[in-house]
Each structure stands twice: as C-alpha cells, then as structure tokens.
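Only one structure is covered here, and it is reproduced in the block below.
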Amino acid sequence: MASAALGTQVAAAALEPVGSDGFLKGSSRKSNNCLNFRSKPWVGKSLAWEKTQQSRHLNKVFCMSVQQASKSKVAVKPVELENANEPPLNLYKPKEPYTATIVSVERLVGPKAPGETCHIVIDHGGNVPYWEGQSYGVIPPGENPKKPGSPNTVRLYSIASTRYGDSFDGKTASLCVRRAVYYDPETGKEDPSKKGICSNFLCDSKPGDKVQITVFLHAGPSGKIMLLPEDDPNATHIMIATGTGVAPYRGYLRRMFMEDVPTYKFGGLAWLFLGVANSDSLLYDEEFTTYLQQYPDNFRYDKALSREQKNKNGGKMYVQDKIEEYSDEIFKLLDGGAHIYFCGLKGMMPGIQDTLKRVAEQRGESWDQKLSQLKKNKQWHVEVY
C-alpha cells in the first residue's frame, strides 16, 4: 500500500500530519452570468480561469455563459486517454518524481469560511496521466525535519479534475487543498513552526513555480477503491463528502455532466451530499448547482452547513443528519445496486456508521450483514484521512 511504503497515511484529498504537518482538504461564487471560482469564468468549451495578472501561463481563455454551456458538452482530447484498460500507476515514483509547473492558485472559499482552501491547477504536459479517483503525490521542497539531509516525504492529494484536466486537453490536473495551520491550545495563537509544510507550499505557490509530483491509486482492498465504476453508465452513485473530500467527486461529475466523453455517456443518478461549516465554505458550489439545473433527472445535491442549519433535534446539521433525512431512499437505492462513496476527514465515519446502523435497525435489518454485502458487491467506497 502506498501509505505503508511512504510511512504516511493515504489521504483522500490532502494528507499532511499536524505538528509535523496536519490533516486538512476545498467553493465557488457567482459573478455576472459566467460560472466561476470567485471571478474566474467558464472557458469557451471549457471551465477554466479568466486571465488575470497572475495567470500569465494561460493562453486561450473565453467566457461561456450558463445558457451556452447548457447547449452542449465540452469536447475533450486526446480521446486516446480512454484506451487504457488499467489506471496509470508508478509512472513516476517518489525517488524519481516528475517536475510539473503551477498554472494557477485560486482561493475557493469566502471571507467567512474557517480556514483557507485553494484550487490549484498543475501543468504536467500530458506526462503524468491519471484516472478520476486517483491521487497525486506532492513532494514539497526542503529537507525532512525528522530526517535532516533527506527530502520531504510525499503528501497525497485527491485529484479534483477529470483525466482531461480543467483545460480539457489532458495536460493539467487540479488539486483541492486546505491550508493546514496549527493553533496552540493554550494561547489560541497560530504556531507557524507547526504549519503543514506541503499544503502551505501549494497554497503559496505562484504561476510558473515548479512542483514535484507522482501518481497513486487510493488505498483499498484492490487499490482501486475510489475509481469511478463505469461498467454501467446508468448506475446510481451516492457521494458523501466533508470539506475537501469533495475533490474526487468533482472529477466524477465533470466526466458525467460536463465533458463529451465518447466512451462514457452517463444516464444514471449522481447524488452528492456535501458537509461544510457555512455557505462561504461551499466547494465548487456553482458547478454543482449548474448540473442541478441542466440535469435535474440525473443529479441531486444536498448540503449540510453545520454552522447555519439545524438538524431535526435542534443541533448542528452534519452530513450524517442529511443521510438520515433521506435514509429510506438511500437504502432502497443501495438495495438496487447503487454505489456509495465516503471521502473526507476520518472523523466523519463514526457518526455516519452510527446513523446507518440505527436506520437499518429501524427497518428490521442487520447493518453488519448489509455492510458486508455492500463490500462484497463492491458498492462501498471509503477514503478518509
């Protein structure tokens, strides 16, 4: 397993130890009639960034309105990326990484969001291909503080774009990274000496900066736990995320609803549950809202805003409360073969598991037996960090 080899735990979206680095992982806002991240609109037949004084490495950028976007999907290339039977792996290893280039770094969240999350586009020139659900390993510059003279260890981040990237040409990958900071519990003040090395390196990067990357599969029994199953294009996919755990789902949804992929025509149901602190913390919200408008029969989108919404008992609204709210539908879909995915902080799972167990018991079912069957049928996909 990659994490064992690296001496770190595989992370779904952003992995870095607190103190010796911490665990943390990704929102969009409206501007005029263009879909954007804050002020970055959809690109003519693509979703990319408007040219700014910083994004000098972007060549062709056009604005496409929501109305235009709804008329047709975006053409992608090279379509040869569909030909592989297995996901790319071990093209570049930690000891011999690929040197890629930062294209852009955009703050995703609003001013009232706790913490900072960035959308980072990396140009790999088509040399480090990947599939939706895979991770990039990033090696931050500098020495490993625990092993002087040795390079920093690899941190894993879920890729938040499809294999074609945000420019739809197969040459870029996007990461959703939350800046990891450490606050002293006694003083309440930030301690810069314990900040996350890799997340701060990425969030502080500028266009043109170099970054060393490798490509990984997520952890799991077969090493392919978070790859999007495409054998049935009419399947149901229930995606549950907290924070930057939404990263792989952004890739899934762009492949389903934005891109004109010749070998994959999605006709099923994708249902996203996203849990964040507040409205300013929502990640890629405008993209997801657009899919909801364009594909109301194929996409559902439910948000749990813990600091703004209340659950049925008057407490904070967490993602497990939303799951309980729709539990009858979810269980029926699972009985019909739906895939269910969980991605985000490790702490999300106990509450979710307790909720599912309680609902199962209310339905007269054994949750342990049901979970065992879901895993056996490869319907259960978990990547937490």
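- Residues K265 and D260 are paired through a salt bridge, judged by an N-O separation under 4.0 Å between the basic side chain and the carboxylate.
- Aromatic ring centres of F257 and F299 lie closer together than 6.0 Å.
- Side-chain contact annotation: D169 with S167, donor-acceptor N/O pair under 3.5 Å present.
- Aromatic pair Y252/Y341: ring centres closer than 6.0 Å.
- In terms of modelled atom types and a separation under 3.5 Å, the side chain of N278 and the main chain of K112 share a donor-acceptor contact.
- T289 contributes no side-chain N or O that, together with a main-chain N or O of E286, makes up a donor-acceptor pair within less than 3.5 Å.
- Few gaps surround CD on Q362; more than 12 heavy atoms of other groups in view lie less than 6.0 Å from it.
- Listed here is the closest heavy atom pair of V138 and C198: CG1-SG, 3.6 Å.
- We find that D204 and R179 are joined by a salt bridge, their nearest charged nitrogen and carboxylate oxygen being less than 4.0 Å apart.
- Between atom CG of residue L334 and atom CG of residue N377 there is a gap of 10.5 Å, rounded to the nearest 0.5 Å.
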- R255/E82 under salt bridge (charged side-chain N to carboxylate O under 4.0 Å, His left out): CA gap, chis, key distance, verdict: CA-CA 12 Å; R255 187 164 174 83; E82 302 296 322; 2.6 Å; yes
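- A donor-acceptor distance shorter than 3.5 angstrom exists from the side chain of N152 to the backbone of P141, with no hydrogens or angles considered.
- With hydrogens and angles ignored, the 3.5 Å screen pairs no side-chain donor or acceptor of K77 with any backbone N or O of Y164.
- Here the side chain of N311 pairs a donor or acceptor atom with the backbone of K316 at under 3.5 angstrom.
- Rounding to the nearest 0.5 Å places CG of N127 at 9.0 Å from CD1 of I213.
- For H119 and Y284, the distance between ring centers is under 6.0 angstrom.
- More than 12 heavy-atom neighbours from other residues, nucleotides or ligands sit within 6.0 angstrom of CZ on R358.
- Annotation for K322: atom NZ counts as buried by contact number, over 12 foreign heavy atoms lying within 6.0 Å.
- D280 has no carboxylate O lying under 4.0 Å from a charged side-chain N of R307, or vice versa, which leaves the two without a salt bridge.
- The backbone N or O of R107 sits nowhere less than 3.5 Å from a side-chain atom of E116 that would complete a donor-acceptor pair.
- The environment of NZ in K370 is crowded: more than 12 heavy-atom neighbours from other residues, nucleotides or ligands sit within 6.0 Å.
- A salt bridge links E329 with R300: the closest approach of a Lys/Arg side-chain nitrogen to an acidic carboxylate oxygen falls below 4.0 angstrom.
- Not one N or O on the side chain of D354 forms a donor-acceptor pair closer than 3.5 Å with the backbone of G351.
- Within 6.0 Å of NZ in K378 there are 12 or fewer heavy atoms belonging to other residues, nucleotides or ligands.
- Looking only at distances, a side-chain donor or acceptor of S199 sits under 3.5 Å from a matching main-chain atom of A180.
- Using modelled atom types, one side-chain atom of Q309 and one backbone atom of L305 make a donor-acceptor pair closer than 3.5 Å.
- Side-chain N/O atoms of Y130 and S161 include a donor and acceptor closer than 3.5 Å.
- Minimum interatomic distance between Y249 and C343 (heavy atoms only, all atoms of both residues): OH-N, 3.2 Å.
- Taking the charged nitrogens against the carboxylate oxygens, R163 and E259 have no contact shorter than 4.0 Å, which rules out a salt bridge.
- Judged by distance alone, the side chain of Q134 and the main-chain N or O of P88 form a donor-acceptor pair under 3.5 Å.
- For the pair L227 and G133, the tightest heavy-atom approach, listed with the atom from each and the gap, is CD2-C, 4.4 Å.
- Closest heavy-atom contact between S327 and V359: CB-CG1, 3.5 Å.
- Between H339 and H237, the angle of the ring planes stays under 30°, which puts this pair in the parallel group of the 30/60° scheme.
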- Message: I'd like to know whether D285 forms a side-chain hydrogen bond (donor to acceptor under 3.5 Å, both in side chains) with Y301, so could you lay out the CA-CA distance, the side-chain angles of the two residues, the decisive distance to 0.1 Å, and finally the verdict.
- Response: CA-CA 10 Å; D285 184 60; Y301 178 30; 2.6 Å; yes
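- E132 has no carboxylate O lying under 4.0 Å from a charged side-chain N of R254, or vice versa, which leaves the two without a salt bridge.
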